[in-house]
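Worksheet for the structure shown next.
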Amino acid sequence: MLKALKFGGTSMADAKQYQKIRDIVRSDPSRRVVVVSAAGKRFSDDNKITDLLYLCYAHIQYGVSYDSIFGLIQERYTQIRDELGLKTDLESEFAALRQKMDNGISREELVSRGEYFSALLMAEYLGFEFIDATKWLFFRYDGTVDQEKSYPALRALVKDRGVVIPGFYGLMPDGKIRTLTRGGSDITGALAAAALDADVYENWTDVSGILMADPRIVDNPKTIERATYSELRQLSYSGAQVLHEMTVFPVREKNIPLNIRNTNDPDHPGTLVSEEFQELPNAPRFITGIAGKKDFSIVTISKKGMAGAVGTLRAIVEVFEDNTVPICYTPTGIDVISLVVPTEKLTPHLYSLTGDLRTKVRPDSIKVTDNIAIVAAVGRKMAFRAGTSGKIFAALGQQGINIRMISQGPDELNILVGVDEKDYAATIRVLYDAFVK
Ligand code: ASP
């Protein structure tokens, strides 16, 4: 059994957090591969080390002294080391880094150092081996991760040992350091889990898993205990703040379950995401989560005879493509189609797009409605089950919420409703109360 763990910035913020991590790792001998972020915020107004490093780089560029910012970074890591009684020679590390900074360091190398220092300290603290990300996480020239080269390299380095790996960066073919996108340590953790065929990828953060609805709208929403990767995709596409798509890709590809956990509440089981589940009979809820987003526009195109005509749909879609307006959803009626698009993508092209539609599609009418919110109820258990949509529409109707658009995914994994933005929060609350409470 092997568990790969990733600890985010708030889990790495100070010595107390390091202690929690050590307890978590020591409580289970299969927790042998630990990927870490740079130190994050200890309190809401605090600085993230990675942000400070970006700021240092900006100072270098403008030829302004970076001493005071660099001092903050040094101080944070030195404090963690001293409070934990560790011996890592940070002084030499910082001196070497300063020298590089004065001689022209790349931005990516500089901002990767937060993860590097975190991993050095955590490796000593856990008594695990430090494996630098440059020794195994290899990029191709186009910036994509070369899994064929990286995976065997990590396997050869880890063997059966306990290891700590810095997240967020790797090596380019020309030997230069390259970083992933912000928040990229999640991706490093997933890649490490996939490389080592881990039994589970535990992503440790400061929340106890994914919530069933936005806590700013619903009071104390319940945690999603289990979700499939498809549901996770639907929820994040629909607006839920969950892990980035790129994060789950390497583990999903290998069918490795992902467990989102809370470093500050380690006994909470969090959310378990996997390709499929053995469903419990009579499971209490058949909605997994509710998510939504505002700022959509609906472009409604009517044309007599469109339903039976050949090629109209293609012509419409082509106009959207030519105008680089992405289409999110397409509910249709007889001789009428609506295309739901993000308003910010539509606005700059509105006149050109409607003009093109008029000449190329010759519709009877084109109507554009702004200020639409789309709310999605997502649940694998909705499929083949009568009554879900009825319940949704009844609940919204009872609260006097007018539904502007309805769409059900063909896989029956989600039901989407478009409402006026003023009804957005109420829609989420009504659905939560109807299905979860
Ligand atoms: N430290 C990096 C960031 O702040 C990467 C990470 O924490 O995942 O974006």
Side-chain angles (χ1 to χ4, degrees), residues 4-14 17-18 20-21 24 33-58 69-70 72-77 80 93 97 105-123 130-134 136-137 139 143 145 150 163-172 177-195 201-207 210 236 241-251 258-264 270:
L5 288 68
K6 179 261 169 178
F7 290 93
T10 53
S11 305
M12 296 293 297
D14 59 21
Q17 297 298 84
Y18 273 58
K20 291 181 193 168
I21 292 178
I24 290 165
V33 173
V34 176
V35 174
V36 293
S37 276
K41 293 185 179 196
R42 292 160 291 185
F43 40 87
S44 62
D45 293 338
D46 198 15
N47 297 306
K48 289 175 73 168
I49 293 294
T50 310
D51 293 337
L52 295 179
L53 288 163
Y54 275 107
L55 210 56
C56 271
Y57 188 76
I69 305 166
F70 197 75
L72 292 173
I73 299 167
Q74 254 173 308
E75 199 180 291
R76 182 85 85 86
Y77 283 112
I80 294 174
E93 292 284 348
L97 178 57
I105 194 171
S106 77
R107 186 163 96 133
E108 308 224 359
E109 178 166 356
L110 178 54
V111 302
S112 74
R113 295 302 85 188
E115 271 69 15
Y116 173 77
F117 294 130
S118 283
L120 281 183
L121 292 180
M122 187 54 82
F130 167 81
I131 294 184
D132 196 3
T134 55
W136 74 277
L137 206 166
F139 291 99
V145 174
S150 303
V163 299
V164 177
I165 301 169
F168 190 40
Y169 68 96
L171 202 68
M172 288 293 281
I177 285 184
R178 182 187 172 96
T179 51
L180 294 152
T181 48
R182 290 301 305 266
S185 300
D186 283 334
I187 302 175
T188 308
L191 288 166
Y201 170 34
E202 293 182 345
N203 190 293
W204 291 82
T205 167
D206 54 8
V207 287
I210 308 168
S236 62
Q241 299 290 325
V242 291
L243 295 181
H244 191 273
E245 181 85 6
M246 274 297 295
T247 305
V248 300
F249 179 66
V251 273
L258 160 72
N259 190 192
I260 299 167
R261 302 284 291 265
N262 188 352
T263 304
N264 305 318

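Both counts, for ligands and for their atoms, begin at 1 and track the order of listing.
Annotation for ligand 1: atoms under 4.0 Å from non-hydrogen atoms of S37 are 6 (C), 7 (O), 8 (O). Residue E115 has at least one heavy-atom neighbour below 4.0 Å for each of these atoms of ligand 1: 1 (N), 2 (C), 5 (C), 6 (C), 7 (O). The distance from ligand 1 to the heavy atoms of K48 drops below 4.0 Å at these ligand atoms: 4 (O). With ligand atoms numbered from 1 in the order given, ligand 1 contributes 5 (C), 6 (C), 7 (O), 8 (O) to contacts under 4.0 Å with heavy atoms of S185. Near R182, meaning under 4.0 Å from one of its heavy atoms, ligand 1 places the atoms 3 (C), 4 (O), 9 (O).
For the 3.5 Å distance criterion, the side chains of T10 and D206 qualify, holding a donor opposite an acceptor. For the 3.5 Å distance criterion, the side chains of Y57 and S106 fail to qualify, holding no donor opposite an acceptor. A donor and an acceptor atom, one from each side chain of E93 and Y116, are located under 3.5 Å apart.
When only interatomic distances are considered, the shortest N/O to N/O separation between G183 and ligand 1 falls below 3.5 Å. Distances between N or O atoms of D186 and those of ligand 1 include no value under 3.5 Å.
Under 4.0 Å is where a charged nitrogen must lie from a carboxylate oxygen, and between K20 and D14 no such pair does.
A heavy-atom distance below 4.5 Å is found between the side chains of T50 and E115. Taking the side chain as every heavy atom from C-beta outward, R76 and R42 approach each other to under 4.5 Å.
Judged by the shortest distance from any of its heavy atoms, G9 lies outside the 4.0 Å radius around the atoms of ligand 1. At least one heavy atom of G184 lies less than 4.0 angstrom from ligand 1.
Remark: of the listed residues T247, N203, T181, N203 is the sole one forming a side-chain hydrogen bond (donor to acceptor under 3.5 Å, both in side chains) with D186.
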